[in-house]
Amino acid sequence: MNDCKGEWIVRLLETLRDMPYRVRFLLGKRPRVRMLYLEVTHRCNARCISCYTGAGREKDDVLTPDEKKSVVRQAKQMGARTVSLSGSGEPLLYPHIFELVDFIRLQDMQVVMFTNGTTIDRACADRLIARNVITYFKLFSLDPDTFDRMMGKTNAYEWVSHTYSCGDASKTVCLPSGLKHLLDAQGAAGVAGLVRAESLITKLNRRTLPDVAQLCKDLNLVLHLETPVCAGRAIENYADIALDSAEYESLYHELVAILGEEYFRELRAHPCPVERNPAVWTNGDIALCSSRPAHVGNVRQASLESLFHKAQMRKRQEDRRLPRSDGEGRHFRTCPARQYYRMRHGIRGDD
Ligand SMILES: C[S@@+](CC[C@H](N)C(=O)[O-])C[C@H]1O[C@@H](n2cnc3c(N)ncnc32)[C@H](O)[C@@H]1O
Ligand code: SF4
């Protein structure tokens with residue numbers, strides 16, 4: 001009885017604390033939406049040891065292409081100008097991916113895609129570049145063996161050599177063929193900034209990350225660098241993933257020497273955009289971000305706007321209970337989802 005009363009009082013206090021937000025929302029002062037994070041498929045041809053989604057076979061409840069388009073339209077009406085197409089699996093394995101990209105471009109919205117790049121041949125690279133898709137290519141490592149171990153897959157990529165000029169000298173590196181195709185397609189189109197790299201910091205690839213950083217610096221590629229969210233396979237493989245604080249610190253200093261202090265200041269200063277914008281999972285559930293559920297409903301039953309509002313309220317309440325939610329790790333960027341899963345699994349945050 002007392003527990004019930006306590007819970008009721010906590011709820012009431014939370015409601016009162018959120019009152020200014022509720023009132024602003026009712027008066028039409030809605031949180032500014034800039035992008036939509038839309039997961040397209042659960043299917044994946046890799047089994048990354050760090051994957052928080054546990055991607056693999058397609059689920060049978062994924063939104064249809066028309067349902068996805070309706071979500072895109074609603075997001076545009078809410079102000080979104082960019083759609084981030086991600087998994088929970090590999091977006092380029094989604095059979096309707098280019099139909100969806102074309103639809104988004106027709107809405108005059110920008111597309112961002114995160115891909116493992118295993119299926120990118122020259123034709124696919126040309127299609128992505130022709131549609132101005134900002135493509136983040138997974139670059140766990142430049143060492144094929146480390147890459148394979150990270151991906152849980154043998155011979156995940158064909159590796160090809162790539163020669164580029166660097167100051168007065170020229171350098172040759174081996175790259176996954178998909179990345180090389182993207183770079184060639186971008187060069188042939190005479191554009192810049194569409195091809196980017198993304199990597200996760202784990203124990204397994206840690207020693208090879210300075211080479212990744214150097215390549216990105218040489219080729220002027222934006223590098224999206226993250227520490228792992230400890231969920232899904234990342235928690236199953238925690239021993240191969242987690243760095244202790246001394247390891248994070250020494251890696252940080254190695255990377256600062258290549259990328260500079262400013263890169264990391266920027267990284268820490270900018271919270272992950274997904275948590276401040278609508279995130280829709282493959283089955284249409286609204287989430288708090290790519291990895292954290294909201295439990296507030298599904299776009300098949302309610303409008304994106306009403307669900308996003310409920311999710312933002314839920315997020316405010318959940319984030320208040322986290323030990324630290326200001327988005328700043330000591331060296332790398334952290335986020336409320338990282339804090340949430342650490343708390344849930346009793347893990348220290350050493351980044
Ligand atoms: C789930 S993946 C789906 C897209 C694509 N298959 C890929 O790997 O890029 C989306 C993004 O989540 C990142 N990711 C996967 N597991 C993660 C984890 N445990 N913590 C943080 N990011 C993770 C991936 O590196 C990728 O940038
Ligand atoms: S991180 Fe991406 S490529 Fe790796 S298993 Fe998950 S969805 Fe697949």
Side-chain angles (χ1 to χ4, degrees), residues 37-59 62 83-94 97 111-120 124 128 133-141 146-153 156-157 176 178-179 182 195-205 209 212 222-243 267 271-275 279-282 287 289-292 327 329 332-342 344-345 347 349 351:
Y37 171 87
L38 180 62
E39 292 191 341
V40 290
T41 182
H42 194 67
R43 189 173 162 205
C44 192
N45 56 356
R47 295 290 177 276
C48 296
I49 61 164
S50 48
C51 186
Y52 60 78
T53 76
R57 273 213 301 255
E58 187 61 295
K59 291 185 173 168
V62 295
V83 182
S84 175
L85 295 177
S86 192
S88 56
E90 170 47 41
L92 285 173
L93 292 180
Y94 178 57
I97 190 68
V111 179
V112 176
M113 191 183 290
F114 283 81
T115 173
N116 67 26
T118 48
T119 61
I120 298 181
C124 176
L128 290 166
V133 176
I134 295 179
T135 307
Y136 283 90
F137 192 101
K138 176 180 289 309
L139 202 51
F140 276 141
S141 179
T146 306
F147 214 137
D148 279 2
R149 289 169 68 201
M150 289 291 297
M151 296 269 282
K153 187 176 170 146
Y157 296 92
L179 180 55
L182 279 171
V195 183
R196 302 183 181 183
E198 174 274 321
S199 199
L200 207 61
I201 300 169
T202 72
K203 210 180 193 69
L204 219 154
N205 65 342
L209 285 173
V212 170
V222 170
L223 173 61
H224 180 94
L225 194 59
E226 296 274 20
T227 59
V229 174
C230 288
R233 283 198 283 268
I235 194 73
E236 287 164 25
N237 298 303
Y238 187 67
D240 282 331
I241 286 182
L243 273 67
L267 189 76
C272 171
V274 179
E275 55 175 294
V280 180
W281 283 357
T282 46
C289 75
S290 49
S291 67
R292 201 154 57 126
F332 301 96
R333 182 169 76 183
T334 185
C335 68
R338 285 174 174 77
Q339 301 300 109
Y340 169 85
Y341 282 108
R342 279 177 190 149
R344 208 166 137 178
H345 297 295
I347 293 167
D351 48 2

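We count ligands from 1, going down the list as the structure has it; atoms in each ligand are counted the same way. Since the structure is predicted, the reported quantities are computational estimates derived from the model, not experimental observations.
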**Asked** CD/E226 to CG/L200 distance, rounded to the nearest 0.5 angstrom?
**Response**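 Going from CD on E226 over to CG on L200, the span is 7.5 Å.
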Which of the atoms in ligand 1, numbered in the order shown and given with their element, are less than 4.0 Å from a heavy-atom of [X]?
{"X": "G89", "answer": "3 (C), 4 (C), 5 (C), 6 (N)"}
{"X": "E90", "answer": "5 (C), 6 (N)"}
{"X": "T115", "answer": "5 (C), 7 (C), 9 (O)"}
{"X": "K138", "answer": "7 (C), 8 (O), 9 (O), 24 (C), 25 (O)"}
{"X": "S50", "answer": "16 (N), 17 (C), 18 (C), 19 (N)"}
{"X": "T53", "answer": "1 (C)"}

**Request:** Mark up the atoms of ligand 2 that fall under 4.0 Å of a heavy atom belonging to G89, in ascending order.
**Result:**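 Near G89, meaning under 4.0 Å from one of its heavy atoms, ligand 2 has 7 (S).
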Any idea which protein heavy atom is nearest [atom], and the distance to it?
{"atom": "atom 2 (Fe) of ligand 2", "answer": "K138 CE, 4.1 Å"}
{"atom": "atom 3 (S) of ligand 2", "answer": "N116 ND2, 3.3 Å"}
{"atom": "atom 6 (Fe) of ligand 2", "answer": "C51 SG, 2.3 Å"}

Identity of the nearest option to [atom], non-hydrogen atoms only, from [options]:
{"atom": "atom 22 (N) of ligand 1", "options": "L200, V229, L93", "result": "L200"}
{"atom": "atom 10 (C) of ligand 1", "options": "P228, G232, A234, S86", "result": "S86"}
{"atom": "atom 26 (C) of ligand 1", "options": "H224, E198, E226, R43", "result": "E198"}
{"atom": "atom 13 (C) of ligand 1", "options": "F140, Y52, Y37", "result": "Y52"}
{"atom": "atom 4 (Fe) of ligand 2", "options": "C48, S88, G117, A55", "result": "C48"}

**Asked** Any chance the rings of F114 and H224 have centres within less than 6.0 Å?
**Response**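 Here the rings of H224 and F114 have centres that are less than 6.0 Å from each other.
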Beyond-backbone contact of [X] with [Y], side-chain heavy atoms, under 4.5 angstrom:
{"X": "S290", "Y": "Y37", "result": "yes"}
{"X": "L92", "Y": "M113", "result": "yes"}
{"X": "L223", "Y": "L139", "result": "no"}
{"X": "V229", "Y": "Y340", "result": "no"}
{"X": "L38", "Y": "L85", "result": "yes"}
{"X": "N45", "Y": "K153", "result": "yes"}
{"X": "V212", "Y": "L225", "result": "no"}

**Message:** Strictly under 2.8 Å, is atom 6 (Fe) of ligand 2 approached by any N, O or S atom of C44?
**Reply:**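 Checking C44: none of its N, O or S atoms is under 2.8 Å.
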**Prompt:** Hey, is CZ on R149 packed in by over 12 heavy atoms from elsewhere, all under 6.0 Å?
**Reply:**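 Atom CZ in R149 is not crowded, with 12 or fewer foreign heavy atoms closer than 6.0 Å.
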**Request:** Quick one: look at R233 and ligand 2, take heavy-atom pairs under 4.0 Å, and tell me if it's side chain, backbone, both or neither.
**Result:**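 Just the side chain.
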**Item:** Salt-bridge present (E90, R43; N to O < 4.0 Å)
**Value:**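 Here E90 does not pair with R43 in a salt bridge, since their nearest N and O are not under 4.0 Å apart.
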